[in-house]
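Here is the structure we will look at.
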Amino acid sequence: MAKKMMLGNEAIARGAYEAGVKVSAAYPGTPSTEISENLVQYQEIYAEWSPNEKVAAEVAIGASISGVRVLVSMKHVGVNVASDPLYTVSYIGVNGGLVLVAADDPGVYSSQNEQDTRCVARAAQVPVLEPSDSEEAKEFVKAAFELSEQYDTPVIVRTTTRLAHSQGLVELGERKEVPDKPYEKNVAKYVMMPGMAKQRHIYVEQRLKKMAEDGAAFSINRAEYRDTSIGFITSGIPYQYVREACPEASVLKLGMVHPLPRRLIEEFAAKVDRLYIFEELEPVIEEQVRSWGIACTGKEIFTVQGEYSANLLRRAVLGETAEGKAPVRVPARPPILCPGCPHRSVYSVLNKLKIHAAGDIGCYTLGALAPLNVVDTTVCMGASISTLHGMEKAKGREYIKNWVAVIGDSTFMHTGINSLINMVYNKGTGTVIILDNSTTGMTGHQDHAATGKTLMGEATKAVNLMQLCKAVGVAHVREVNAFDTEELERVIREETAREDVSVIITKSPCVLLKGNVFPEVCVTDSSKCKKCGLCLRPGCPALTKTADGTVTIDATMCNGCGLCMQLCKFDAIGKKER
């Protein structure tokens, strides 16, 4: 068989293909996004971007009930959004295999928290597999489908940022053509009314008990005996760190991390002198092992925060230090909006007007940082509108007269619509600004329901945001070019003064979208520059101040949006052809 270097996400997509998956649903979210982007190369699989993770999970459930194998993928906080159907499909079980890939983010590289999906899986009573490299990512996905159908259960494959975005050698296999399973009407299984749910809960408990007993024989769980004076129980990427830092140690590598194979763990623990539990984030394995009366060392020497490493293991277990070695100091690189980003233009106006923003999840969250300093809150997808509404109901209209809610077009489609409906229905007041850059920018420019294009590249109907806002009862909806700062300032002043709900849609495509190229770049005339610094206030990285205080523009970085030119009162900034 051929072999290929693959990202973990790419290998997961390959595993779904080889497993005979026919349907995939997802919402983009780093570090899971590339799974779906790689799935579209396999024409045997229908793949879609759903408006949010809850909908994606429900699409997957429907496909599974109909009798085909289906993959649903999302990042860890997306599992929260999908938790309602997830907790119930655990009771329902499957017809065709159903696998959910949940990508956790130890180290919080691109997320608002560092939660551990294993905790959610335990509460939802769903088994979890955890691969440790790209080859395992492919094979564990295939194994997950087999287990899903064998035990009548959805299965979670848990990955992390390190696995999702690192490469490994993968052996390519053939696609398994799995016959569709016939659908048979079964109200007791598929309709979760109280009477049915009580009986299915009994089944779930029996299922997990059976999987825990059978897990000792699963090939994905394996004991590697070497020096038995020290032993590790580990899984996922931390297994690689154990093998690097302690190559002679005995290791129990768990491929299934819920339910745990108790008999296998007890056998391993009895054969090693010192037992360590090495797992990122929460002590999920450790707490269960301790509850069985097995002595072990875990979070008292290993952190519950951040991403692990081989060096962390060396320090904690072997007592090794880096004495005598100068620490490597990497220059700080604060996150910043791209040159030409339309969000910078909007935020520059809000900053000028001294308006606070209840923020949301997207590139525009960076408006919280200097020098823009506009975004005051960020909680989760869709929360900006509800947060502003809560402030108004708590303190009154006068309190929020210098506040707005900001939300991106993709995030508005994700969970912002319900929040806007709530604001209208409950007689709220306040201004919502939809930052419409025609893409899901933060995760790499994926399409959504308002862009007119599907994940599979097909043209489709695009939701009209202005008509949608009017349809839910917003009487005052305005569209403004994000880079027309004078008009934007006038509209913001007018709408924030209203005693009603209003929506401003700032329309300008993301500067990084293909085909979106400004024909000109900005240039400075040093003879006219008064060194006032007004053009520097929005923090565009293409602008720098020289030693004598004049401003220069890096033509290789400038995207020609013209925001700096609008801010200059002395005509010291102009444009030239690119």
Side-chain angles (χ1 to χ4, degrees), residues 27-29 49-58 74 77-85 112-113 343 346 350 355-365 367-368 374-397 399-437 440-442 448-450 463-479 492 495-496 498-507:
Y27 180 81
W49 289 131
S50 304
N52 63 37
E53 296 86 356
K54 179 180 184 290
V55 173
E58 292 159 351
M74 59 195 69
V77 288
V79 176
N80 301 336
V81 181
S83 63
D84 196 358
Q112 64 267 41
N113 69 38
H343 304 331
V346 176
L350 292 174
I355 290 178
H356 302 265
D360 226 293
I361 306 297
C363 299
Y364 48 89
T365 310
V374 170
V375 174
D376 282 24
T377 70
T378 298
V379 182
C380 64
M381 297 284 280
S384 59
I385 300 172
S386 303
T387 301
L388 182 67
H389 178 68
M391 290 178 173
E392 189 261 342
K393 291 305 180 185
K395 292 293 188 71
R397 176 70 181 93
Y399 181 79
I400 63 159
K401 65 181 182 180
N402 63 335
W403 279 79
V404 296
V406 294
I407 188 169
D409 48 327
S410 181
T411 309
F412 181 70
M413 298 304 298
H414 181 280
T415 33
I417 299 171
N418 284 351
S419 298
L420 185 61
I421 291 171
N422 181 65
M423 198 175 187
V424 173
Y425 169 65
N426 285 301
K427 300 181 179 182
T429 58
T431 300
V432 175
I433 300 180
I434 302 176
L435 304 166
D436 183 3
N437 64 354
T440 311
M442 180 173 63
H448 57 75
V463 174
N464 184 303
L465 296 181
M466 174 175 273
Q467 292 179 3
L468 176 61
C469 292
K470 289 181 177 179
V472 302
V474 181
H476 312 285
V477 187
R478 313 275 290 273
E479 285 188 352
I492 290 174
E495 296 306 321
T496 53
R498 291 189 187 276
E499 298 290 329
D500 200 355
V501 177
S502 62
V503 173
I504 302 169
I505 304 172
T506 59
K507 293 184 69 67

Report the residues that fulfil ring-ring contact (aromatic ring centres under 6.0 Å, His included) with Y27, sequence neighbours left out, ordered by chain and then residue number.
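Here the qualifying residues are H414.
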Which residues pass the ring-ring contact (aromatic ring centres under 6.0 Å, His included) test with H343, not counting sequence neighbours?
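Y364.
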Atom [atom1] of [X] and atom [atom2] of [Y]: how far apart are they, to the nearest 0.5 Å?
X: I407; Y: I434; atom1: CD1; atom2: CD1; value: 7.0 Å
X: I504; Y: I492; atom1: CD1; atom2: CD1; value: 5.0 Å
X: T377; Y: D360; atom1: OG1; atom2: CG; value: 8.5 Å

Can you list every salt bridge (charged side-chain N to carboxylate O under 4.0 Å, His left out) pair that touches [range], not counting sequence neighbours?
range: residues 420-437; value: D436-K507
range: residues 400-419; value: E398-K401
range: residues 411-425; value: none

R397 meets the salt bridge (Lys or Arg N to Asp or Glu O under 4.0 Å) criterion, sequence neighbours left out, with none
Please test F412 against I417 for side chain to side chain contact (heavy atoms under 4.5 Å, CB included), starting from the C-alpha separation and ending with a verdict.
CA-CA 6 Å; F412 181 70; I417 299 171; 3.8 Å; yes
Is it the case that the side chain of S502 and the backbone of H476 share a donor-acceptor pair, with hydrogens and angles ignored and the cut-off at 3.5 Å?
no
If only atom types and distance count, is the side chain of T440 paired as donor or acceptor with the main-chain N or O of S410 below 3.5 Å?
no
Decide side chain to side chain contact (heavy atoms under 4.5 Å, CB included) for T411 and M442; before the verdict, give the C-alpha distance in whole Å, the side-chain angles of both, and the deciding distance to 0.1 Å.
CA-CA 11 Å; T411 309; M442 180 173 63; over 6 Å; no
Test side chain to side chain donor-acceptor pair (under 3.5 Å) applied to [X] - qualifying residues, sequence neighbours left out:
X: N437; answer: none
X: K393; answer: none
X: T429; answer: E392
X: N464; answer: none

Sequence neighbours excluded, which residues qualify as side chain to side chain contact (heavy atoms under 4.5 Å, CB included) partners of A405?
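For A405 the side chain to side chain contact (heavy atoms under 4.5 Å, CB included) partners, ignoring immediate neighbours, are S384, I385, L388, V432.
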N402: side chain to side chain contact (heavy atoms under 4.5 Å, CB included) partners, not counting sequence neighbours:
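Only H356 meet the side chain to side chain contact (heavy atoms under 4.5 Å, CB included) criterion with N402.
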Does the side chain of [X] reach to within under 4.5 Å of the side chain of [Y], using non-hydrogen atoms?
X: C380; Y: N80; result: no
X: M74; Y: V79; result: yes
X: I355; Y: V374; result: no
X: V77; Y: N113; result: yes
X: L420; Y: V501; result: yes

Over all atoms of both residues, closest heavy-atom pair of [X] and [Y]:
X: E53; Y: G78; answer: CB-O, 3.3 Å
X: G441; Y: C363; answer: C-SG, 3.7 Å
X: A56; Y: S50; answer: CA-OG, 3.5 Å
X: V477; Y: C469; answer: CG2-CB, 3.9 Å

Please report the C-alpha distance between K54 and D84 in whole Å, then the side-chain angles of each, then the deciding distance to 0.1 Å, and finally whether the side chain to side chain contact (heavy atoms under 4.5 Å, CB included) criterion is met.
CA-CA 7 Å; K54 179 180 184 290; D84 196 358; 4.2 Å; yes
Using the rule given for side chain to side chain contact (heavy atoms under 4.5 Å, CB included), can you reason through N426 versus H389, listing the C-alpha separation, both sets of side-chain angles and the distance that settles it, and then say yes or no?
CA-CA 9 Å; N426 285 301; H389 178 68; 3.9 Å; yes
